[in-house]
Amino acid sequence: MHVFLSRKKILYRSFAMVLQRICSRAKSIKIFRPLSNPELIMKQWKIKNLLACENAAGRIRVMGWVRTRRDSRGFSFLEINDGSCLANLQVIADDGLDGYEQVKKLTTGSAVAVEGALGQSPGKGQKWELAADRVEILQTAPNDYPLQKKRHSDEFLRTIAHLRPRTNKYGAAFRIRSALAFAVHAFFREKGFVCIHTPILTGSDCEGAGALFSATTLDPTNFSPAGNKDAFAGDFFGQKVNLTVSGQLSAEMFALSLGNVYTFGPAFRAENSNTRRHAAEFWMVEPEMAFCDLAGDMDNAEELIKYLISRAMIECKEDLSLFFKYVDKDLEKRLETILEKDFLRISYEEAVCLLEKSGADFKYDISWGKELQTEHERFLTDTHFKGPVIVYDYPADIKPFYMRVNDDGRTVAAMDVLMPGIGEIIGGSQREERLDILESRMKKTGIDTAPYWWYIDSRRFGSIVHSGYGLGFERLIMLVTGISNIRDVIAFPRTPGNIAF
RNA sequence: UCCCCAGUAGCUCAGUCGGCAGAGCAGGUGGCUGUUAACCACCGUGUCCGUGGUUCGAGUCCGCGCUGGGGAGCCA
């Protein structure tokens, strides 16, 4: 049997055998070996690779879903999409095919496996097309398939969130999301950062950032936690437990040991936020850097955003073109501008001064000590500077305890990266590394220090200057794709009252 | 949570001054065609979001509720 196998295949087989022996206990691991059935040896292609071919390949096999069918005299055109790229593969199904009657009944959404020869297409719109000599119908979609060959509203597609990745726009968005997720890891890896997986379940009662989801194994119909201090004594962890709102505090511990670290994971916030920029479950990128001050923090944030945008523009050209063309006509130019220009850096005080002098008619008055409202941020990014702006050194009273108090005693080394159209995409700070000041700020802001003993403790042993920030991953996808609602850049969005999928 | 807007066919929407419920697309049938959001002809489709009210009469006006969208707050 093995006589006819090539050297390469023999090597591959022996490698597979070794691997199989190693993995013998892990039964779920599948070892891929060259198949013996010559019919199955025919290469199965992803459409992305097929369309990128320089020369026509031999007989090939493609599996995917029918996007549309157009009949002609004696044959049908099938547009097949397998999710590997935005483009469809045009398949020519001749009426001489076995089961052509069934092929003629193929509907949008049906699944097929097609075999045949790839050749140059005489028609406009595509370089290659597949002349099918076999069309295997895997399943015909009934005619109540909700996706049609036309544009649907984002609101409607949210009601069929399980099917929306089958559309051009959502398929493209989620391929871009994947590429950017990978790019996040690539960026930090190239810089020598260590990836830390911080806990999802947390015992800290308040991490500072808003309302929390609690996680419990107790039967909610059987106990009433309100006002009962020991209500969770019999629970899994013996205390009240929440879903994390941020990996920052954990990440800091690792920055103080491994140097530069980052986390990239989900965060959960139980705020009743009903906006296009908020979700109850979202993904956040949180670097923490040892021996790094606020300026270094801002440098890293700006570099990361530029890196991610440029990676998307290089790697997701085809998918991005859909957004440039149909979603936001100014998107391409805006992304190019972000790459070209330095992010403008302005202190909170300067920003307030500028806003006061602007003469603009704001709904909310602005003066030193007040929060910058969305309208103020928007004025800075969209009207005044027309580009990304980093505002830093905010009043201490409006920022959390862990941000480092500046020498003036009234501001903290905080920074927000504001993006045109998106608003705040990054929030970060230099962390308070001085034990006494940290403790006094926690007491001043009324935070119970007891559950944070470990965080405070880290400031006792070789405490150093360090900084970090949080990048809202969905907001990044919104920035890159021009999609204006956060519900449309996450697979199955969680917002108040909505968790159907 | 607050403010504003919307809810009519499977989808996207029109519906005038309160007077018989409409179009395009999708779907079905037939035709035509190397087509490409294919094209042409014909066919069917309604809890007008729900509820209460005003009126001879309500898709249309009013109250309440639900759902969705936009904005604000909270934030990433």
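Quick note: numbers below take in every heavy atom, side chains included, and nothing from hydrogens, waters or symmetry partners. Below, read A as the first sequence line, B as the second, and so on, with proteins coming before strands; counting in each chain starts at 1.
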Peer 1: Once you apply the 3.5 Å cut-off to both distances, tell me the Watson-Crick or G-U wobble partner of B:G63, or none.
Peer 2: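 Pairing partner, where one exists within any strand: B:U51.
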
Peer 1: Rounded off to whole Å, could you give me the NZ-to-C1' distance for the A:K363 and B:G71 pair?
Peer 2: 7 Å

Peer 1: I'd like the C1' distance from B:C13 over to B:G46, given in whole Å.
Peer 2: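 Between the two C1' atoms, the distance is 15 Å.
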
Peer 1: Can you check the A:E271 CD to B:A72 C1' distance for me, whole Å?
Peer 2: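 Taking CD of A:E271 and C1' of B:A72, I get 14 Å after rounding.
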
Peer 1: Compute whether any side-chain donor of one residue and acceptor of the other, for A:R70 and A:T68, lie under 3.5 angstrom apart.
Peer 2: no

Peer 1: Can you tell me which nucleotide in B:G34, B:C74, B:U33 comes closest to the side chain of A:P122?
Peer 2: B:G34

Peer 1: Does a side-chain N or O of A:S273 approach OP1 or OP2 of B:G73 to a distance below 4.0 Å, or not?
Peer 2: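 A:S273 to B:G73 OP1/OP2: no side-chain N or O under 4.0 Å.
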
Peer 1: Quick one: is B:U33 close enough that its OP1 or OP2 comes under 4.0 Å of any side-chain N or O from A:R73?
Peer 2: yes

Peer 1: Does the aromatic ring of A:F77 sit over the six-membered base ring of B:G34, closer than 5.5 Å centre to centre and tilted less than 30°?
Peer 2: no

Peer 1: Any side-chain N or O of A:R70 below 4.0 angstrom from OP1/OP2 of B:A38?
Peer 2: yes

Peer 1: Taking only Lys NZ, Arg NE, NH1 and NH2, and the carboxylate oxygens of Asp or Glu, determine whether A:D133 and A:R59 approach each other closer than 4.0 Å.
Peer 2: yes

Peer 1: State plainly whether the residues A:R177 and A:E474 are in salt-bridge range, i.e. N to O under 4.0 Å.
Peer 2: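 Salt bridge flag = yes for A:E474 with A:R177.
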
Peer 1: Select one nucleotide: of B:A38, B:G70, B:A72, the one nearest the side-chain heavy atoms of A:T68.
Peer 2: B:A38

Peer 1: Determine which nucleotide pairs with B:G24, using a 3.5 Å limit on both distances of a Watson-Crick or G-U wobble pair.
Peer 2: B:C11

Peer 1: In whole Å, what separates the C1' atom of B:A23 from that of B:G18?
Peer 2: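 About 23 Å, rounded to a whole number of Å.
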
Peer 1: Let's see if you can work this out: which of B:A76, B:U12, B:G70 has an atom nearest to the side-chain heavy atoms of A:R487?
Peer 2: B:G70

Peer 1: Output the single nucleotide from B:U1, B:U36, B:G73 whose closest atom is nearest the side chain of A:N274.
Peer 2: B:U1

Peer 1: Do the side-chain N or O atoms of A:Q373 get closer than 4.0 angstrom to the phosphate oxygens (OP1, OP2) of B:G73?
Peer 2: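 True: A:Q373 side-chain N/O within range (under 4.0 Å) of B:G73 OP1/OP2.
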
Peer 1: Among the nucleotides B:U1, B:A38, B:C32, which one has an atom lying closest to any side-chain atom of A:K149?
Peer 2: B:A38

Peer 1: When the C1' atoms of B:G27 and B:U55 are considered, how many whole Å apart are they?
Peer 2: 40 Å

Peer 1: For B:C62 and B:G19, measure between their P atoms and round to the nearest Å.
Peer 2: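 Comparing P positions in B:C62 and B:G19 gives a spacing of 15 Å.
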
Peer 1: State whether A:R345 and A:E302 are salt-bridged, where the test is any N-O pair (Lys NZ or Arg NE/NH1/NH2 against Asp/Glu carboxylate O) under 4.0 Å.
Peer 2: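 Answer for the salt bridge query: yes.
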
Peer 1: Under 4.0 Å: is that the gap between some side-chain N or O of A:R158 and OP1 or OP2 of B:G69?
Peer 2: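 So the side chain of A:R158 is within the cut-off, an N or O lying under 4.0 Å from OP1 or OP2 of B:G69.
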
Peer 1: Which of these nucleotides, B:U12, B:U36, B:A26, is closest to any side-chain atom of A:E79?
Peer 2: B:U36

Peer 1: Taking pairing as Watson-Crick or G-U wobble with both contacts under 3.5 Å, can you name the mate of B:G44, or confirm there isn't one?
Peer 2: none

Peer 1: Should we say atom OH of A:Y348 is surrounded by more than 12 heavy atoms from elsewhere, each under 6.0 Å from it?
Peer 2: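 Correct, the count exceeds 12.
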
Peer 1: Is any NZ, NE, NH1 or NH2 atom of the basic residue among A:R73 and A:D95 found under 4.0 Å from an Asp or Glu carboxylate oxygen of the other?
Peer 2: no

Peer 1: Which value, in whole Å, describes the distance between the C1' atoms of nucleotides B:C4 and B:G73?
Peer 2: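 Comparing C1' positions in B:C4 and B:G73 gives a spacing of 16 Å.
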
Peer 1: Find the distance A:N485:CG to B:G71:C1' and express it as a whole number of Å.
Peer 2: 13 Å

Peer 1: Does A:R151 place a side-chain N or O at less than 4.0 Å from the phosphate oxygens OP1/OP2 of B:C11?
Peer 2: no

Peer 1: Can A:D71 and A:R69 be counted as an ion pair, charged N to O under 4.0 angstrom?
Peer 2: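 A:R69 and A:D71: salt-bridged.
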
Peer 1: Name the residue closer to the 5' end of RNA chain B, choosing between A:Y145 and A:S121 according to the nucleotide with the nearest heavy atom.
Peer 2: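 On the 5' side of the pair lies A:Y145.
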
Peer 1: Which sits closer to the 5' end of RNA chain B, A:G497 or A:E371, going by the nucleotide each is nearest to?
Peer 2: A:G497

Peer 1: May I ask you to decide whether A:R158 forms a salt bridge with A:D488, counting only side-chain N to carboxylate O separations under 4.0 Å?
Peer 2: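 A:D488 and A:R158: salt-bridged.
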
Peer 1: Starting from C1' on B:U35, measure out to CG on A:L89 and report it in whole angstrom.
Peer 2: 15 Å

Peer 1: Between B:A72 and B:A26, how far apart are the two C1' atoms, rounded to whole Å?
Peer 2: 39 Å

Peer 1: OP1 or OP2 of B:U35 sitting under 4.0 Å from any side-chain N/O of A:S72?
Peer 2: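 Negative; the distance criterion is not met.
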
Peer 1: Between B:U16 and B:C32, how many Å separate the two C1' atoms, rounded to a whole number?
Peer 2: 41 Å

Peer 1: B:G68, OP1 or OP2 - any side-chain N/O from A:N498 closer than 4.0 Å?
Peer 2: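 For B:G68, OP1 or OP2 has a side-chain N or O of A:N498 closer than 4.0 Å.
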
Peer 1: Using the P atom as the reference point in each nucleotide, state the distance between B:C43 and B:A38 in Å, no decimals.
Peer 2: 24 Å

Peer 1: Considering Watson-Crick and G-U wobble pairs with both distances under 3.5 Å, what does B:U1 pair with?
Peer 2: B:A72

Peer 1: Which of these nucleotides, B:C75, B:G34, B:C25, is closest to any side-chain atom of A:T374?
Peer 2: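 Among the listed nucleotides, the one closest to the side chain of A:T374 is B:C75.
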
Peer 1: Considering only heavy atoms and no angle criterion, is a donor-acceptor pair shorter than 3.5 Å present between the side chain of A:D71 and the base of B:U35?
Peer 2: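 Answer is no: no donor-acceptor pair is held.
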
Peer 1: Between B:A76, B:G70, B:U36, which one does the side chain of A:M284 approach most closely?
Peer 2: B:A76

Peer 1: Take atom NE2 of A:H152 and atom P of B:G24, then tell me their distance rounded to the nearest Å.
Peer 2: 18 Å

Peer 1: Output yes when at least one side-chain N/O atom of A:R277 is less than 4.0 Å from OP1 or OP2 of B:G71, else no.
Peer 2: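 Checking A:R277 against B:G71: no side-chain N or O falls below 4.0 Å of OP1 or OP2.
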
